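To start, the structure itself, in structure tokens.
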Amino acid sequence: MKLKAIALAIGVAAALTLSQGAWAQMKISISVAQNSHQGIAIDTLAKEVEKRTNGRIKIQPFYSGSLGGERESIEAVQLGTQELTFTSTGPVPNFVPEARILDIPFLFRDKAHARAVLDGPIGQEMLAKFEAKGFKALAWGENGVRHMTNNKRAVNAPEDLKGLKMRTMENPVHIAAYKGFGIVTTPMAFPEVFTALQQGTVDGQENPLSVIMAAKFEQVQKHLSLTGHVYSPAIFLMNKAAFDKLSAADKQVFLDAAKEAVKANRARVDEDDAKGVAELRSKGMQVIDVDKAKFVSALGPVNAEFEKQFGKANIDRIRAVK
Ligand code: EAX
């Protein structure tokens, strides 16, 4: 009983100090390196929060999966053992199933369309759904448009994917879709991917150019096909209790700082996309531009399933956004 009373007292004291604006140290994590589109996102968030609270709230960044993969980090935020994470939506459907619709291959025309959806009513409605699961979703960010890499062969058309052993995110929609290409899927946390590729445990993986460059996958992957098969959102997640403890003014600080951070994150993705192909070619990757229409039609049967699962009207509502 005594322990419970002490824990309660500590909790109340923490709540009081935070709400009265005493100094607070928080943690945020990403699974990729600091020099990346995700690194600039969390560094900007930390800088903006510290600046806007006159140093009262400091956020300590952890890069390269040093606190664990994305799924572990999301779990830690849900439990409150770390206050924040910036993550792709890969593992998110395991926590907020409603978010799965965003992972449908070829759902978004391009980054501009995806950003319009996420920053508009559909995306904002989706952010609200995180609260029931113990998260305050501060803002949508961007991981990028995903492409296929492998060490076996050039992938010019969907049939070239058949039988390739590819690492996937722990995402049920991606796994179902990639099986539709005939891929042998191996779900795996991101921090294990480089070694798995190096050792040949898997033949390939798929990720945006920003991630391929940040993770230096050109060192362990020969072929890159610009399939653009999935737009991968990212998201700032905060432990809801930690957010709720903040004063109204500090809550607004976090929301405004996240918006600034997403601007920097998206700008870095645009930079990476502009120079990534040339950079990866110069580092020895064999890069192929493909006829995306062939990959879209190869997923016909799977898409019929997705329309049943998510409702054709819901998918059309996303596609209709200008
Ligand atoms: O968020 O797991 C993945 O492939 C993600 O794209 C990566 O962790 C960056």
Side-chain angles (χ1 to χ4, degrees), residues 70-71 74 87-111 113-114 116-118 120-123 125-127 129-130 132-133 140 142-150 155-190 202-208 225-235 290-321:
E70 292 187 328
R71 181 176 184 146
I74 297 171
T87 175
S88 81
T89 53
V92 163
N94 299 291
F95 301 86
V96 182
E98 296 89 335
R100 281 175 306 168
I101 193 169
L102 300 175
D103 296 314
I104 294 175
F106 300 112
L107 176 69
F108 296 104
R109 293 186 296 279
D110 51 28
K111 286 181 288 183
H113 174 217
V117 171
L118 295 173
I122 295 172
E125 277 162 32
M126 189 81 78
L127 289 182
K129 297 194 188 297
F130 284 75
K133 302 295 172 65
W140 291 107
E142 186 163 85
N143 196 27
V145 176
R146 301 179 79 92
H147 305 294
M148 302 266 187
T149 69
N150 85 89
V155 170
N156 288 287
E159 45 275 21
D160 300 329
L161 290 170
K162 275 188 181 34
L164 279 181
K165 203 168 175 197
M166 300 283 279
R167 176 268 175 178
T168 73
M169 293 204 277
E170 298 152 287
N171 180 290
V173 174
H174 289 187
I175 291 167
Y178 303 160
K179 282 181 177 165
F181 283 130
I183 284 170
V184 177
T185 56
T186 307
M188 186 188 295
F190 186 74
V202 289
D203 301 323
Q205 64 86 46
E206 43 81 53
N207 246 299
S225 296
L226 300 174
T227 49
H229 54 281
V230 160
Y231 172 85
S232 183
I235 189 164
V290 298
D291 176 357
K292 289 182 179 56
K294 287 182 183 169
F295 289 81
V296 174
S297 56
L299 286 182
V302 169
N303 277 325
E305 272 309 304
F306 288 147
E307 285 184 357
K308 272 195 224 129
Q309 193 179 346
F310 297 107
K312 187 175 181 311
N314 294 321
I315 294 173
D316 290 347
R317 184 173 169 231
I318 291 173
R319 290 194 199 282
V321 172

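Position 1 is the first residue of the sequence; numbering continues from there. Just so it is clear, the structure is predicted and the values come from calculations on it, not from any experiment.
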So, [X] side chain and [Y] main chain: donor-acceptor pair closer than 3.5 Å or not?
X	Y	answer
Lys165	Val184	no
Glu70	Ser88	yes
Trp140	Pro233	no

Answer whether the closest heavy-atom distance between the side chains of [X] and [Y] falls below 4.5 Å.
X	Y	value
Val173	Ile104	yes
Phe190	Met169	no
Leu161	Met148	yes
Ile318	Ile122	yes
Tyr231	Glu142	yes
Asp160	Phe181	no
Ile315	Asn303	no
Val321	His113	yes

**Asked** Strictly by modelled atom types, are Asn150 and Asp203 linked by a side-chain donor-acceptor pair under 3.5 Å?
**Response**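 No.
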**Prompt:** Does a donor on one side chain sit under 3.5 Å from an acceptor on the other, for Asn156 and Ser225?
**Reply:**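 Asn156 vs Ser225: no donor-acceptor pair found between side chains.
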Should the pair [X]-[Y] be classified as a salt bridge under the 4.0 Å nitrogen-to-oxygen rule?
X	Y	result
Glu305	Lys312	no
Lys162	Glu159	no
Glu206	Arg146	yes

Mind listing the closest non-hydrogen atom pair of [X] and [Y] along with its distance?
X	Y	answer
Leu102	Phe108	O-CE1, 3.6 Å
Gly90	Asn171	O-ND2, 3.0 Å
Pro97	Lys133	CD-NZ, 3.6 Å
Pro105	Val230	CA-CG2, 3.8 Å
Gly228	Phe106	O-CE2, 3.6 Å

**Prompt:** Does the side-chain contact (heavy atoms from CB on, under 4.5 Å) test come out yes or no for Val155 and Leu164, once each step is laid out?
**Reply:** CA-CA 10 Å; Val155 170; Leu164 279 181; 4.0 Å; yes
**Asked** Does His229 have its ring centroid less than 6.0 Å away from the ring centroid of Tyr178?
**Response**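 Yes, the ring centres sit under 6.0 Å apart.
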Roughly how far apart are [X] [atom1] and [Y] [atom2], rounded to 0.5 Å?
X	Y	atom1	atom2	answer
Ile101	Thr89	CD1	OG1	12.5 Å
Asn314	Arg319	CG	CZ	12.0 Å
Gln309	Arg100	CD	CZ	5.0 Å
Thr87	Asn143	OG1	CG	8.0 Å

**Prompt:** Passes side-chain contact (heavy atoms from CB on, under 4.5 Å), Val202 versus Met166? Steps please.
**Reply:** CA-CA 6 Å; Val202 289; Met166 300 283 279; over 6 Å; no
**Asked** Should Ile235 and Leu127 be marked as a side-chain contact (heavy atoms from CB on, under 4.5 Å) after you check the CA-CA gap, both sets of side-chain angles, and the distance that decides it?
**Response** CA-CA 9 Å; Ile235 189 164; Leu127 289 182; 3.6 Å; yes
**Request:** For Arg317 and Val117, run side-chain contact (heavy atoms from CB on, under 4.5 Å): C-alpha distance rounded to whole Å, both residues' side-chain angles, the deciding distance at 0.1 Å, then the answer.
**Result:** CA-CA 10 Å; Arg317 184 173 169 231; Val117 171; over 6 Å; no
For residues 292-302, which side-chain donor-acceptor pairs fall under 3.5 Å, sequence neighbours excluded?
from: Lys292; atom 1: NZ; to: Leu226; atom 2: O; distance (Å): 3.2
from: Ser297; atom 1: OG; to: Ala293; atom 2: O; distance (Å): 3.2
from: Ser297; atom 1: OG; to: Lys294; atom 2: O; distance (Å): 3.1

**Message:** Please identify which of these residues, Thr186, Thr149, Thr168, meets the side-chain hydrogen bond (donor to acceptor under 3.5 Å, both in side chains) condition with Gln205.
**Reply:**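 Going through Thr186, Thr149, Thr168 one by one, the side-chain hydrogen bond (donor to acceptor under 3.5 Å, both in side chains) with Gln205 is satisfied by Thr149 alone.
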